[in-house]
2 protein chains.
Amino acid sequence: MPRKPEYDRDALIDLARDLFWKRGWAGTSLKDLERTLNMKPGSFYAAFGSKAALFELTLDRYAENGTRRLEALAVEHGPLGALQSYPALVIDASSSPAKACMLAKTVLELGGQEDQLAARANSHLSRMEGLFAELFRKAQAASHVSGRYDAETLARRYQSDLLGLRVSAERQNVDAQAIAREIADGLTRLSHP
Amino acid sequence: MPRKPEYDRDALIDLARDLFWKRGWAGTSLKDLERTLNMKPGSFYAAFGSKAALFELTLDRYAENGTRRLEALAVEHGPLGALQSYPALVIDASSSPAKACMLAKTVLELGGQEDQLAARANSHLSRMEGLFAELFRKAQAASHVSGRYDAETLARRYQSDLLGLRVSAERQNVDAQAIAREIADGLTRLSHP
DNA sequence: TATATACTTGAATGATCACTCAAGAAAGGC
DNA sequence: GCCTTTCTTGAGTGATCATTCAAGTATATA
């Protein structure tokens with residue numbers, strides 16, 4: 001009996017994520033969203049409720065996408081291979097609106113005022129770190145990484161290195177791919193005592 | 001003949017820097033600045049010209065302060081010792097309004113739209129990297145770091161690690177001091193072959 | 001003490017912010 | 001064709017944005 005919406009909700013969330021990713025929370029106005037999503041304010045609020053609610057959706061989608069890509073790498077190259085190829089992949093910005101991590105950008109922008117969006121970004125980062133740790137444990141089980149390291153410690157450092165890489169990739173005149181290679185090389189050296 | 005201003009310009013710039021550092025460019029309104037600097041709009045614009053002009057001043061002061069602290073460390077602990085103690089120092093946030101680097105935050109917030117404030121932050125980061133390289137060269141001259149490494153390459157990686165550390169320090173539930181220790185330990189391993 | 005020279009004040013500017021809502025348009029079931 | 005239900009439209013909300021400026025106040029020199 002009713003009328004169907006004209007938009008593809010999933011595609012809209014992707015568009016919004018790319019916009020928020022590039023310009024940040026405060027840097028993205030509702031007018032920007034209206035233009036990019038091709039929606040009038042009324043439709044926007046009927047569909048998403050608020051700017052913050054949509055941002056939350058994009059944060060979740062961003063994180064889910066990241067884990068999905070890493071898990072795909074693990075299937076293809078094994079746990080250590082995935083951890084080694086992920087850095088280069090993540091700053092290869094063809095098709096990606098920014099090189100820095102959207103979760104990190106959110107924490108930096110909103111973390112100071114204890115915003116709940118920052119808290120959510122933070123928890124996504126922690127889940128990511130957990131996935132890194134799991135891959136390190138699997139690499140240890142396969143004897144590709146020495147057992148004398150603590151997987152959580154390795155994951156914490158790997159996450160930090162990745163965040164640094166992705167900030168560096170946002171700078172001008174920095175060869176971020178070279179840094180990505182160094183991070184991958186560093187993991188190779190974990191194989192033996 | 002004239003009347004003297006009631007404010008201490010230097011102190012005001014410090015206050016503004018701390019506010020911008022914590023909340024970022026868009027997150028800091030003129031009302032915030034008026035409150036923190038205890039100035040009415042007229043005085044503010046007479047003194048600084050615009051929000052952007054003041055931000056530029058705070059960016060310069062932030063960068064100058066960073067190089068000064070690192071150079072002081074070098075005098076006290078030598079080039080390698082300075083590079084090793086800098087990471088822990090920089091995330092020891094007692095007295096500092098945020099742990100992440102203000103220059104990095106600015107690049108992340110404004111880098112996408114080719115803002116000139118982001119460009120200035122970027123060039124400050126490059127100057128910092130140059131100082132890191134100089135310290136690595138001195139450490140090599142003193143045989144504390146092996147000569148088979150390229151100082152610029154070491155500096156680029158060090159800068160990236162530092163940026164990652166400082167983003168990590170902004171997160172919840174992350175032992176950033178542990179990461180700082182790992183970075184310092186990593187430098188020790190550069191001494192031989 | 002008079003005057004020139006700042007500096008300080010705060011109301012007002014137009015623009016933009018996120019958001020609301022009443023009215024109209026489209027699609028199903030009868 | 002009619003009615004119900006949902007979606008779309010876009011003008012309008014009050015708040016806040018950075019900025020301006022005319023009027024008032026204080027100081028130093030003459």
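Convention: sequence-line order gives letters A, B, ...; per-chain numbering from 1.
- As a whole-Å value, the separation of A/L37 CG from D/dT9 P is 13 Å.
- Counting only heavy atoms from C-beta outward, the side chains of B/R9 and B/L57 approach each other to under 4.5 Å.
- Distance, A/E34 CD to C/dT20 P: 13 Å, rounded to whole Å.
- The CG atom of B/L12 sits 14 Å away from the C1' atom of C/dC7 (whole-angstrom rounding).
- We find the NE2-CZ distance between A/H124 and A/R61 to be 12.0 Å, quoted to the nearest 0.5 Å.
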Taking N or O atoms only and anything under 3.5 Å, show me the protein contacts with nucleotides 11-18 of chain D, one pair per line.
| residue | atom | partner | partner atom | Å |
| --- | --- | --- | --- | --- |
| D/dA18 | OP1 | B/T28 | O | 3.4 |
| D/dA18 | OP1 | B/L30 | N | 3.3 |
| D/dA18 | OP1 | B/K51 | NZ | 3.0 |
| D/dA18 | OP2 | B/L30 | N | 2.6 |

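- Among residues at least two apart or in separate chains, ring-ring contact (aromatic ring centres under 6.0 Å, His included) pairs with a member in residues 151-174 of chain B are B/F132-B/Y158, B/F136-B/Y158.
- Listed by chain and residue number, B/F44 satisfy the ring-ring contact (aromatic ring centres under 6.0 Å, His included) test with B/F48 (two or more places apart in sequence, or in another chain).
- Taking atom CZ of A/F44 as the reference point, atom P of C/dC17 lies 13 Å away to the nearest angstrom.
- Under the 4.5 Å side-chain criterion, counting only non-hydrogen atoms from C-beta, A/V167 is not in contact with A/L163.
- Using cut-offs of 30° and 60° for the angle between ring planes, the A/F20 and A/W25 rings count as parallel.
- Using a 4.5 Å heavy-atom threshold, the side chains of A/P97 and A/M102 count as separate.
- Of the residues in residues 105-115 of chain A, not one comes within less than 4.0 Å of DNA chain D through any heavy atom.
- In this structure, the CG atom of B/N38 is 12 Å from the C1' atom of C/dT8, given to the nearest Å.
- Looking at B/E182 and A/T153, their side chains come closer than 4.5 Å, going by heavy atoms from C-beta outward.
- Put simply, NZ on A/K40 is 16 Å from P on C/dA25, counting in whole angstrom units.
- Note on residues 68-89 of chain A: pairs passing side-chain hydrogen bond (donor to acceptor under 3.5 Å, both in side chains), not counting sequence neighbours, are A/Q84-A/T188.
- Rounded to 10 degrees, the angle separating the terminal helix axes of the helix from C/dT1-D/dA30 to C/dC30-D/dG1, each built from five base pairs, is 10°.
- Looking at heavy atoms from C-beta onward, B/S191 lies out of side-chain contact with B/L80 at the 4.5 angstrom threshold.
- In this structure, B/M39 places its CE atom 14 Å from C1' of C/dG10, rounding to the nearest Å.
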field: Stepwise salt bridge (Lys or Arg N to Asp or Glu O under 4.0 Å) check, A/R157 with B/D161
entry: CA-CA 9 Å; A/R157 180 65 195 279; B/D161 287 355; 3.4 Å; yes
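- One atom, CZ of B/F55, and another, P of D/dT19, lie 14 Å apart when rounded to the nearest Å.
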